[in-house]
Amino acid sequence: MSENKPSNFIEHIINADLAEKKYEKIHTRFPPEPNGYLHIGHAKSICLNFGIAEQYGGLCNLRFDDTNPSKEDVEYVEAIKEDVRWLGFDWEDREYYASDYFDKMYELAVQLIKDGKAYVDDLSPEEIREYRGTLTEPGKESPYRNRSVEENLDLFERMKNGEFEDGSRVLRAKIDMRSGNLNMRDPVLYRIQRGTHHRTGDKWCIYPMYDFAHPISDALEGITHSICTLEFEDHRPLYNWVVENVKLDTETRPKQIEFARLNLSHTVMSKRKLRQLVEEGHVSGWDDPRMPTISGLRRRGYTPESIRDFCDRIGVAKSNSMVDIALLEHCVREDLNERAPRVMAVLNPLKVVIENYPEDRVEYLEAENNPGKPEMGTRKVPFSREIYIERDDFQEDPPKKFFRLAPCREVRLKHAYIIKCEKVIKDEKTGEIVEVRCTYDPETKSGSATNVRKVKGTLHWVSAKHALDAEVRLYDHLFTKENPEEDGADFKDHLNPNSLQVLTACKVEPSLASAEPGNRYQFLRKGYFCVDPDTTGDRLVFNRIVSLKDTWAKIQKKQQNK
RNA sequence: UGGGGCGUAGCCAAGCGGUAAGGCAGCGGACUUUGGAUCCGCCAUUCGCAGGUUCGAAUCCUGCCGCCCCAGCCA
């Protein structure tokens, strides 16, 4: 199909293969092991594999690499399917499992033995390690390496029949104990491991290793390009060995291609570490909105579109890299700027009384839902004598360039009037500001003919008697360090103690009464927020997806540094 | 000391012998009833380093340096 402008080295390879007529149709696969939840690193692989298939008019399979029952579970297969679907990809009826091929794999292993290319080894795990040699010294051949085909056949069948203890024997490929590539030093193909498999139950007590199962699964499914991460690069000769030495009846030979996995700043990506965060209670679960898991990002409010866009932008290459999380944040902002309706919410309320506004008057002001998109319409927002503004938006003794509310100063209330601060009321004991008294200028009503004055600052607000109470959860990076796993220290030493801040006294505009879990909004001047599933009939809970870009925060930082 | 990879801006990343794309971040400025958005401009005389080939090298050759991965009966 489209052989135009390859955007990465994998497309170059595919274009070349197509030009040489090595393959007719492109077929990829996404092969997760159902032993944990998917994270954004997997999203990169999913987008790559499904994306290439789509781009070349081919297909992409979803295949669970379930060859180790001790670590795998149906819980994970369901979660993985949900995540892939949510990201926007469809594997149609091509949902496969390596375990679907266990019979075939066994048969192929038997054939390998008959061909004199595999043998049953009685060495213990420790002995196998010793015989393997080291990185710099060659290995030694096992004393069992030259058993007769008949004996191997008999032993392997008895392994399958459960006659031997777990770990007492393995089937090994007969390749080269002196190879510089440790993977080629007679790799283990099958091990004995009792345990109930989530799909095959107790049918098997021997399970194939990844290096044997993966190339066979690929070949059986007609995969043309088997894309995996860099650490499998030195498994490629073994992958090819299996493809070439096993008696397959398919004629297309899959090709393994390796790319660099994603690393994201200010977080961790390994399943082991993520699991640790969950199990030790540093986060509330796999779907904690601070987690880089797909389920965490979903709950946080990230859109699938923004994640796909991110995956497009980071590119695909072979150098180990660390992508700045700011790019991910940029991608959601860009997406949500287009689609999120704007709404007013005061996170840290400060009461403002407009002294010259009639006590019992209420005006319903017209407010646009998205200034960039008039087609998103307008809504009515109630305005009255008592309102809340953001505590940060008032300062008694304002610094330079602060153009919000301060004594004797004027600001515009978004969609409403210009108000002027007349008086500050403080708590007599604590000195805390409890209320600000203002006056408004009736000539300045938004949209009216008399509204001609301009002021520097515009604030968001909510009418006190109309406001809804809400809880807002503010999230920050999970780790304070760009790379928490750097310099050998425990990554948990760099957990950000302020990664979650819960605000329980927030006031939001009444139109949010109908907000439902999953809905996303822009809280004017604050950021993008998503309704959390913890929301109940009488309690609104919002997650901050990402803040808006904050020029004022930057100015403040500069002022502090002076 | 073996094998496999990778080095282009603060972070990603194109580039494939014809004179360094693009994005993020950053910095300036315009506009603005979101300090948002938008717009406009700046941001690598040089591609890890050193030699060589060539009219011409990030691209080809040689040598060095640095970083990552591999010694699971995990994937």
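Because the structure is a prediction, the values reported are computed rather than measured. Per chain, numbering begins at 1; letters A, B, ... match sequence-line order.
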Residue A/K549, side-chain atoms from C-beta onward, closest of B/rA25, B/rG35, B/rU34: B/rA25

Nucleotides 2-14 of chain B: protein proximity per nucleotide (B base, S sugar-phosphate only, - neither; heavy atom, under 4.0 Å): BBSSS----SSSS

Nearest-neighbour nucleotide for the A/Y210 side chain, B/rA75, B/rA25, B/rC27 considered: B/rA75

Nearest-neighbour nucleotide for the A/Q522 side chain, B/rC74, B/rA25, B/rU34 considered: B/rU34

Under-4.0 Å salt bridge between A/E485 and A/K273: yes

Distance flag, aromatic centroids of A/F523 and A/H460, threshold under 6.0 Å: no

Given RNA chain B, 5'-ward residue of the pair A/V170 and A/K414, judged by closest heavy atom: A/K414

A/R261/A/E231 ion pair, N-O < 4.0 Å: yes

A/K71/A/E33 salt bridge by N-O under 4.0 Å criterion: no

Nearest listed nucleotide, side chain of A/K554, among B/rU33, B/rG35, B/rC27: B/rC27

For B/rG23, glycosidic torsion class - syn if within 90° of 0, otherwise anti: anti

Proximal nucleotide (of B/rU33, B/rG35, B/rC24) relative to the A/H330 side chain: B/rC24

Pair A/H214 + A/Y210: ring centers closer than 6.0 Å: yes

Sugar-phosphate only, base, or nothing, as touched by A/Y207 at under 4.0 Å among non-hydrogen atoms: nothing

Short N-O contact, A/E366 and A/K380, less than 4.0 angstrom: yes

Sugar-phosphate only, base, or nothing, as touched by A/G372 at under 4.0 Å among non-hydrogen atoms: nothing

Short side-chain to backbone donor-acceptor contact, A/H39 and A/G41, under 3.5 Å: yes

Which nucleotide in B/rU34, B/rG26, B/rC74 has an atom nearest any side-chain atom of A/T458: B/rU34

Parallel, tilted or perpendicular: rings of A/F64 and A/Y97 (30°, 60°): parallel

Touch class at under 4.0 angstrom, heavy-atom based, for A/G36 against every strand present: nothing

Quiz item: cation-pi between A/K160 and A/Y106, 6.0 Å / 45°: yes

Dot-bracket line, read 5' to 3' along RNA chain B, where crossing pairs take [ ] and | marks a partner on another strand, Watson-Crick or G-U under 3.5 Å: .(((((((.[[[..)..(...]]].(((((.......))))).....[[[[[..)....]]]]])))))).....

P spacing across the pair B/rC6 / B/rC74, given as an integer number of angstrom: 30 Å

Sugar-phosphate only, base, or nothing, as touched by A/L123 at under 4.0 Å among non-hydrogen atoms: base

